[in-house]
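Residue numbers start from 1 in every chain, and the chains themselves are labelled A, B, ... in the order their sequence lines are given, proteins ahead of strands.
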Number of protein chains: 2
Amino acid sequence: MPPPRRRARAARELREILDSRLFRALCEPVRVEIATWLTESGPADVNTIASHFPQHQTVISRHLAILHEAGVLRRTKRGRHVYFEMDGPGMTDRMEKILERFRNIVPLCCPSDED
Amino acid sequence: MPPPRRRARAARELREILDSRLFRALCEPVRVEIATWLTESGPADVNTIASHFPQHQTVISRHLAILHEAGVLRRTKRGRHVYFEMDGPGMTDRMEKILERFRNIVPLCCPSDED
DNA sequence: TTGACGTATGCACATGTGTGCATTTATAGT
DNA sequence: ACTATAAATGCACACATGTGCATACGTCAA
């Protein structure tokens, strides 16, 4: 494959993987705090999580939904409780894919790849 | 190190690496488009980049500054022109660090790490 | 120094989004 | 069925941020 086409392909793959909801989910400090807290504390229901943050329960509920739709958290409904936990394996997979894309891009976009 | 301390440490490291400007920079679609375009087209100055987007030159200039401060782009000033290009190696390093953090977290936060 | 060009900044405005309250929906217990 | 509890949604509001215009800054060529 000639270099121009390789570059075009790399760019397309990069857009695919960067245009996800993942970055929008993680660009909000409160959501990062929630994800971090869940990492440390393990699975917890909405009210328990909300009780550890200054925001209202409804706000935390919305943030949890965004994190879940972005694939950061797992959601388990048991009775009238909804439990959330970090999706470690899922996030690892995502990051591996993104990393792979960047590895492909380095030799194409960076003529002098020192440092 | 006992499990609780390991969890606390993993959470702290996760917050460190996720609280960066990187995600805020990449959560804006226009900025992702700029980064993608630079990947495909190679280094270019501000006006050249701006000419390929509907936004005003001043807007593109601001986006480029944000991407640069986040470590996504490299900046090279030559005369009165300022050239930008993807920082492939830098991004690869960042992603490797983030991936490593998530790898550490998986066995701690996810009791049933199937799928 | 003057003028031209490339880039960055101040400002005002529109849109997006996090927030809290009131309310609704869903489920368990009685 | 009724009540209580958990979670989600509609709405309004405040703040953040992307946008464009006018303009200032910095550099090169004469």
Please output the side-chain donor-acceptor pairs of residues 46-57 of chain B that fall under 3.5 Å, not counting sequence neighbours, one pair per line with the distance.
residue: Thr48(B); atom: OG1; partner: Asp45(B); partner atom: OD1; Å: 2.6
residue: Ser51(B); atom: OG; partner: Thr48(B); partner atom: O; Å: 2.6
residue: His52(B); atom: ND1; partner: Thr48(B); partner atom: O; Å: 2.8
residue: His56(B); atom: ND1; partner: Thr58(B); partner atom: N; Å: 3.3
residue: His56(B); atom: ND1; partner: Thr58(B); partner atom: OG1; Å: 3.3

Margin query: Quick check on contacts: within residues 49-61 of chain A, what sits under 4.0 Å from DNA chain D by heavy-atom distance?
Written below: Gln57(A), Thr58(A), Ser61(A)

Next item on the list: Nearest-nucleotide wise, let me know which of Arg78(A) and Val46(B) is further upstream toward the 5' end of DNA chain C.
Entry: Val46(B)

Check: Considering the terminal five base pairs at each end of the helix from dT1(C)-dA30(D) to dT30(C)-dA1(D), what angle separates the two local helix axes, rounded to 10°?
Finding: 30°

Check: Using 4.0 Å as the upper bound for N to carboxylate O, is an ion pair formed by Arg103(B) and Glu96(A)?
Finding: yes

Next item on the list: Specify the residue among Ile66(A) and Thr48(B) whose closest nucleotide of DNA chain C lies further upstream toward the 5′ end.
Entry: Thr48(B)

Checklist line | Sequence neighbours excluded, every pair satisfying salt bridge (charged side-chain N to carboxylate O under 4.0 Å, His left out) that has a member inside residues 32-44 of chain A | finding: Glu33(A)-Arg15(B)

Notebook entry, point to check: OP1, OP2 of dT19(D) versus side-chain N and O of His63(B): anything below 4.0 Å?
Noted result: yes

Next item on the list: Could you check if a side-chain atom of His63(B) sits within less than 4.5 angstrom of a side-chain atom of Glu28(B), using non-hydrogen atoms only?
Entry: yes

Notebook entry, point to check: For DNA chain C, which nucleotides open and close the run of contacts to chain A, 5' to 3', at under 4.0 angstrom from a non-hydrogen atom?
Noted result: dT17(C) to dA28(C)

Check: Between Tyr83(B) and Arg75(B), is there a cation-pi geometry (under 6.0 Å to ring centre, at most 45° from the normal)?
Finding: no

Check: Below 4.5 Å, heavy atoms only, C-beta onward: do Leu73(B) and Glu85(B) meet side chain to side chain?
Finding: no

Checklist line | Any Thr39(B) side-chain heavy atom under 4.5 Å of Phe102(A) side chain | finding: no

Next item on the list: Respond yes when some side-chain nitrogen or oxygen of Asn47(A) is under 4.0 Å from OP1 or OP2 of dA7(D), and no when none is.
Entry: yes

Next item on the list: Flag the pair Arg9(A) and Glu13(A) as a salt bridge only when some basic side-chain nitrogen lies within less than 4.0 angstrom of an acidic carboxylate oxygen.
Entry: yes

Next item on the list: Would you jot down, in residue-number order, the residues of residues 28-39 of chain A having a non-hydrogen atom under 4.0 Å from DNA chain C?
Entry: Glu28(A), Val30(A), Arg31(A)

Item checked: Note, Met91(A) side chain near Leu22(A) side chain (heavy atom, < 4.5 Å) -> yes

